[in-house]
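So the structure is just underneath, and the comments pick up after that.
Numbers restart at 1 for each chain; the letters A, B, ... are given by sequence-line order, proteins then strands. Computed from a predicted model, the values in this text were never measured in an experiment.
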Amino acid sequence: MVNTIYLDNSATTKPLNEVMQAFMAVNEQYYANPASIHAMGVEANDLLMRAREQVADILQTEAKNVLFTSGGTESNNAAIFGIARSNTHIGKHILTTEIEHPSVLETMKQLEKEGYDVEYLRVDRNGVISLDELRTKIRKETILVSIMHVNNEMGTIQPIKEAAKMIHEMSRAAFHVDAVQSFGKLAISFKEEGPDCISISGHKIHGFKGSGVLAFRKPVRWQPFALGGGQEFGMRSGTVAVPQAVALAKAARLAVETMNERANKYRQWHDEIRAQLDGYGEAVHVLSTPQGAAHIMSFSVRDLKGEVIINAMQKRGVIVSTSSACSSKQTKTSHVVEALHLDEHYKKGVIRISFGAHNTIEDIEKFKQVLAEVMLELKGENK
Amino acid sequence: MIWKEILIRYGELSTKGRNKMDFIRRLRENIRHAFADLGQLHIRTERDRMFIAIEDEAQMQTLITGLPKIFGIQSFSPVAACEKEMESMKKLAITIMETFKDEQHTFKVEVKRTDKTFPLESHAIQREIGGYVLPQFQNLSVKVKKPDIELRVEVRHDATYMMAQVIPGAGGMPVGSNGKSLLMLSGGIDSPVAGYLMMKRGVRLEAIHFFSPPYTSQNSLEKVKVLANELTKFGASIRLHVIPFTEIQVLIKEKVPSNVSMTTTRRMMLKVADQVREEIGALAIVTGESLGQVASQTLESLTAINAVTNTPILRPLISTDKLEIIDKAEKIGTYETSIQPFEDCCTIFTPASPKTKPKLEKVEHYESFSDFDELIERAVKNREVYIFPKKEEQQQDKFADLL
């Protein structure tokens, strides 16, 4: 689509040219299997190690604690299953939140079937968990706490640092953070924020779909779930996708280098759009809070289905999404929206816009204008 | 900048008698060598401690990260200084204690007043500083005997000095204080650890490696170079002698029955090593052998292999378990390199069932039909020598565009 303005970066981002070039170059020159012992394999392995070190530096851990995966879902699955299944000698109690991504929640459901005791922390109207509730729920037998850093639908930021401190003081549990939506937008590292395990995804930071990282603060008791040739220190077998890994390392570096500059821009856009939305009064309910992440803005139009608004905007060349792309094909209200205990009038019409590195101020101006038109057009249906 | 110097406490040296000054001089030279990049360091030595003057924060950081690797240091402390005046002293005490504010600690102030003209006596200074610092830190509680942190204050003639942090050193003795030995470096896990342990006892090392192209690859040689380079981090340069060993190995394979070929291979290696040792003026040969680990490391095998020389063979790992060795290798940072999967000279012609109890007379008998000595001479003469530490940054640049 020509002149399309893409504001669905939380679903996926367009890869950066630099990242695509690196990906091509690696496929052309360093295509050897990094596990091979011939010169080309050794070279590919050297490159892979450099990519690993680069990611490790950003997250402030050591290279041997960084695993390349196929994306956020695999990272989350591997972290949760891996930690849960190898720590049953401590207990079977797991804590997470009710607003996690399906790749966490579905994994938890599976563990519940296997006899684990999973408890879900509630969130307040702003989508934030309560540290007091966390404190009361942590037990001696808690083996894993999994909390997302930034919520993919709302942009809510969870108090990761405080949670990490509390979890480590009160239990032997490992703390997993799903940082898929926060990495490259907010600072996160093992040293500063203090989790034990972090998931990140390549395609949310202008890298490729099919690439991700699962990183640890230090080696933990963890059971691999891809068995085979013993690649990735035996923790994830399968020939390592060197081009994906290098592309991810590059995307991660660029994301972190431009983070502050982008954050300032996003914050400004966020505020401008919020001001416009507030102007619609009762007709619009803004879900994202000013304390949330700047790159995600979600709101709901009273008594309208989200799909209607998306279609109307799309006709005018602006791509936005419903609350979450991952579950947008389902008809029921998203679990995140449910967790906010929203007024019935606002449950169906949730729209999410999310910014990326390619967006410009012109895009935002166009969005605001189109939003105004659409709101006017749909007013009649908006009882 | 508040930091003035780093105080170094000697390790085992303090127990040495007459040779002590030699040890101290050696340690000083090793420190200079390890930090050659920092330019000429100003180092003052005393009988029980050594002081390195600090010029700026960056230099201080480099020293703090590097000193724990140098043998002969028991512990060291960054020392701050200020004017001999109570207000400045209190302020400095606060600045130093700030660095410990994240955890609960027990604490006391210890004062030494070298300058007797200072108006307050030690006890008074102690009370004042302690009384000032304590209420400002919730994480501190006083404990007089064995506190976690001892804030030491010294009122000297030129200024007041303070320290609180005691960073453990590597212990051992300064490399070079116990003569030179030749390390047989295979590329496996054990030999670098053996080298490390000897360095810890003050032994200066050169290394020897047997290279059998085309049976062993350039990769396996590169790996050994990386290991040699790693070992130089512990305080001294290392020369690596690479022996062209193919001819000898092929001859052994052809002429010696396979079940004793391994014993003969080891004997020939030791002969070569012994000649190199003599040429470089080393006094002993170091190996990574550990009793019973493989067929060549049974007492019978060791006896048969050892019979080619009277030179002392030092085997620092002889009584350690494989797991202990791996643990050590991980700690000193050689493990990752060692486990790279390349054939080395010890594995290429390994017979299916080597004798674990070879008879010396038999081995000698089989060897007697071939002239190994000439090949050994040639191998020793044609060896290549590499000097480490070596800076290799080219690879970094090669990938820079991609990352």
Side-chain angles (χ1 to χ4, degrees), chain A residues 18-30 33-58 62-65 165 168-169 191 194 207 219 229-231 233-234 242-254 256-257, chain B residues 61 65 99 101-105 138-139 186-189 211-227 229-230 323 326-327 329-348 390-403:
Chain A
E18 295 101 302
V19 174
M20 290 200 264
Q21 276 159 15
F23 184 77
M24 289 291 288
V26 178
N27 274 303
E28 277 162 6
Q29 295 168 46
Y30 303 106
N33 189 324
S36 297
I37 58 169
H38 48 65
M40 286 175 70
V42 169
E43 206 170 31
N45 190 51
D46 284 346
L47 175 58
L48 178 66
M49 280 312 287
R50 282 286 309 285
R52 205 187 296 284
E53 280 162 15
Q54 186 157 309
V55 175
D57 275 353
I58 294 172
E62 285 175 47
K64 64 174 187 212
N65 302 330
K165 203 160 175 257
H168 292 145
E169 274 170 15
K191 280 235 173 79
Q231 287 89 346
F233 318 110
V242 181
Q244 277 86 332
V246 171
L248 187 138
K250 183 160 195 168
R253 175 176 67 80
L254 294 170
V256 171
E257 278 173 7
Chain B
Q61 278 315 319
T65 17
T99 50
K101 69 172 175 213
D102 289 340
E103 275 173 54
Q104 288 294 325
H105 295 289
Q138 292 185 336
N139 62 325
S186 69
I189 297 167
F211 184 41
S212 303
Y215 301 104
T216 61
S217 66
Q218 197 61 32
N219 290 332
S220 83
L221 179 58
E222 289 307 317
K223 170 175 149 182
V224 171
K225 289 184 188 171
V226 171
L227 289 173
N229 201 35
E230 286 287 317
L323 289 177
I326 289 174
D327 199 40
E330 281 182 333
K331 279 204 186 98
I332 66 173
T334 56
Y335 184 70
E336 292 292 325
T337 308
S338 288
I339 56 171
Q340 287 174 10
F342 306 117
E343 292 285 345
D344 65 34
C345 49
C346 308
T347 56
I348 43 171
K390 195 171 174 190
K391 290 198 173 82
E392 282 184 279
E393 299 294 321
Q394 300 101 320
Q395 197 151 58
Q396 305 260 328
D397 294 330
K398 188 166 98 184
F399 298 135
D401 280 352
L402 299 171
L403 290 159

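- For the pair A:K250 (side chain) and B:D401 (backbone), a donor-acceptor distance under 3.5 Å is present.
- Minimum heavy-atom separation, A:I37 to B:P341: CG2-O, 3.2 Å.
- Between A:A39 and B:N219 the shortest heavy-atom distance is N-ND2, 4.0 Å.
- Residue A:F23: no heavy atom, backbone or side chain, is found under 4.5 Å from chain B.
- By the 4.5 Å heavy-atom criterion applied to side chains, A:V246 and B:F399 are not counted as neighbours.
- Atom NZ of B:K398 and atom CG of A:L47 lie 8.5 Å apart (nearest 0.5 Å).
- For the atom pair CD of B:E336 and CD of A:E62, the computed distance is 9.5 Å after rounding to the nearest 0.5 Å.
- The two residues A:R253 and B:L403 make their nearest non-hydrogen contact at NE-O, 2.7 Å.
- Here B:L402 contributes atom CG and A:Q29 contributes atom CD; the two are 6.5 Å apart, rounded to the nearest 0.5 Å.
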